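Position 1 is the first residue of the sequence; numbering continues from there. Since the model is a prediction, treat every value here as computed from it, not as a measurement.
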Amino acid sequence: MNINKKKAVGSEANRESVSVLGRRALNRALLERQLLLRRVHLPALAVIEHLVGMQAQAPNPPYYGLWARLEGFQQEELSLLISERKAVRIAMMRSTIHLVSARDCLELRPLVQSVLERGYTGTYSKSLAGLDENRIASVGRALVEEEPLTFSELGKRLSEEWPDRDPDALSAAIRTWVPLVQVPPRGLWGQSGQALHTSAERWLSSPLASEPNLERMIHRYLSAFGPASIKDMQAWSGLTRLREVMEKLRPHLICFRDEQGIELFDFPDAPRPDPAMASSPRFLGEFDNILLSHADRSRIIDDAYRNRVFTKNGIIRSVILVDGFVCGIWQIKRGSGTAILSIEPFRQLSSEERDELALEGAKLLTFAAVDEHTHEIQFLS
């Protein structure tokens with residue numbers, strides 16, 4: 001699969017296409033572009049860029065996400081990328097922590113500045129009313145560039161300058177107006193530690209892009225998540241008012257409708273596999289972007305299952321895909337030299353589906369729990 005999608009040009013007829021794409025057609029297109037129909041032989045960094053980053057509130061999920069997509073992926077490859085500053089963890093789309101390449105950090109972070117500002121304003125703006133935001137950002141930048149700090153440490157240092165203000169609001173202001181990356185060992189497989197932050201410019205020794213390209217960002221989203229609606233693009237990015245951008249791009253795209261009549265945009269020559277194509281089981285880690293990047297998520301998860309995956313406290317559980325759709329959750333429990341993979345299906349599985357999941361689960365345990373001497377798989381229903 002060529003993941004470097006070239007700009008495609010659609011004809012007048014293409015622009016007026018009203019072909020309807022059903023749920024399975026959208027599912028197979030998404031799986032193909034997410035590299036989940038078959039594992040691929042590609043460098044991890046190329047895949048991270050193709051996916052336009054990987055959501056990464058917790059350190060380990062990107063490792064599972066790459067393992068599910070790459071043939072022969074080993075944890076050391078990603079740990080080395082982070083250690084060598086070729087990939088970073090930073091607040092990005094939807095104002096959530098993403099693992100992105102260094103290049104995308106510098107290119108994409110300016111494009112989502114308004115998203116971070118909107119989130120900050122809704123929570124903290126009253127706490128810092130009357131203060132000079134530029135002054136706060138300047139002081140905060142100097143502190144984190146002197147030495148990486150946790151948000152708690154940063155808030156305490158800023159409180160020395162503004163003792164009558166909420167330390168959490170002060171540190172949140174720096175997260176908003178200074179692009180903060182989390183430095184290792186945070187994000188390294190098998191290592192722990194609090195999230196320490198410094199500026200992207202200091203860590204990468206480069207400035208942010210002065211002329212970031214929103215149209216290119218949308219092209220890349222469609223390459224990884226299309227066909228998609230404007231609302232889908234906005235749900236993924238956190239940005240608003242993308243219709244004007246899409247009208248500029250429309251001459252280069254083809255349009256479809258979903259079964260509810262919503263307009264979907266795509267490249268004319270983008271892969272849209274046969275909906276009947278087989279899809280092997282996959283185990284995806286917490287917060288995988290395949291679950292979070294569309295306003296209408298029915299192409300990957302049934303509405304009846306959402307409350308079992310999306311928890312009230314904001315956790316997005318690790319899921320299994322069966323026939324390409326979310327069909328359950330999983331976790332690995334360790335103790336006394338044993339690693340147990342617990343699989344909780346949401347429906348009755350056929351014997352063939354259980355066997356295929358067990359085979360893929362054994363590979364997952366070999367990847368994730370190599371230090372444990374004994375591996376077990378449990379089906380909870």
Which residue pairs pass the side-chain hydrogen bond (donor to acceptor under 3.5 Å, both in side chains) test when at least one of the two sits in residues 307-322, sequence neighbours left out? R308-E344, T311-N313
I'd like to know whether H197 forms a side-chain contact (heavy atoms from CB on, under 4.5 Å) with V181, so could you lay out the CA-CA distance, the side-chain angles of the two residues, the decisive distance to 0.1 Å, and finally the verdict. CA-CA 5 Å; H197 305 84; V181 299; over 6 Å; no
Would F267 and H252 count as a close aromatic pair, with their ring centres under 6.0 Å? no
Honestly, is R299 close enough over F225, meaning NZ or CZ under 6.0 Å from the six-membered ring centre and within 45° of the axis? no
With side chain to side chain donor-acceptor pair (under 3.5 Å) as the criterion, how do R69 and Q34 come out once you've worked through the C-alpha distance, each side chain's angles and the decisive distance to 0.1 Å? CA-CA 8 Å; R69 292 167 168 89; Q34 285 287 303; 2.9 Å; yes
For residues 234-248, which residue pairs qualify under side-chain hydrogen bond (donor to acceptor under 3.5 Å, both in side chains), counting only residues two or more places apart or in two chains? E247-R250
Give the ring-plane orientation class for Y64 versus W189, where under 30° counts as parallel, over 60° as perpendicular and anything between as tilted. perpendicular
For the pair D274 and R28, find out whether any cationic side-chain nitrogen is under 4.0 Å from an anionic carboxylate oxygen. no
Taking only Lys NZ, Arg NE, NH1 and NH2, and the carboxylate oxygens of Asp or Glu, determine whether E353 and R347 approach each other closer than 4.0 Å. yes
Is the positively charged end of R39 above the ring of W67, judged by distance under 6.0 angstrom from the centroid and angle within 45° of the axis? yes
Quick test of your reading of the model: are R103 and E49 salt-bridged, counting only N-O distances below 4.0 Å? yes
Would you please indicate yes or no on a ring centroid separation below 6.0 angstrom for W177 and Y120? yes
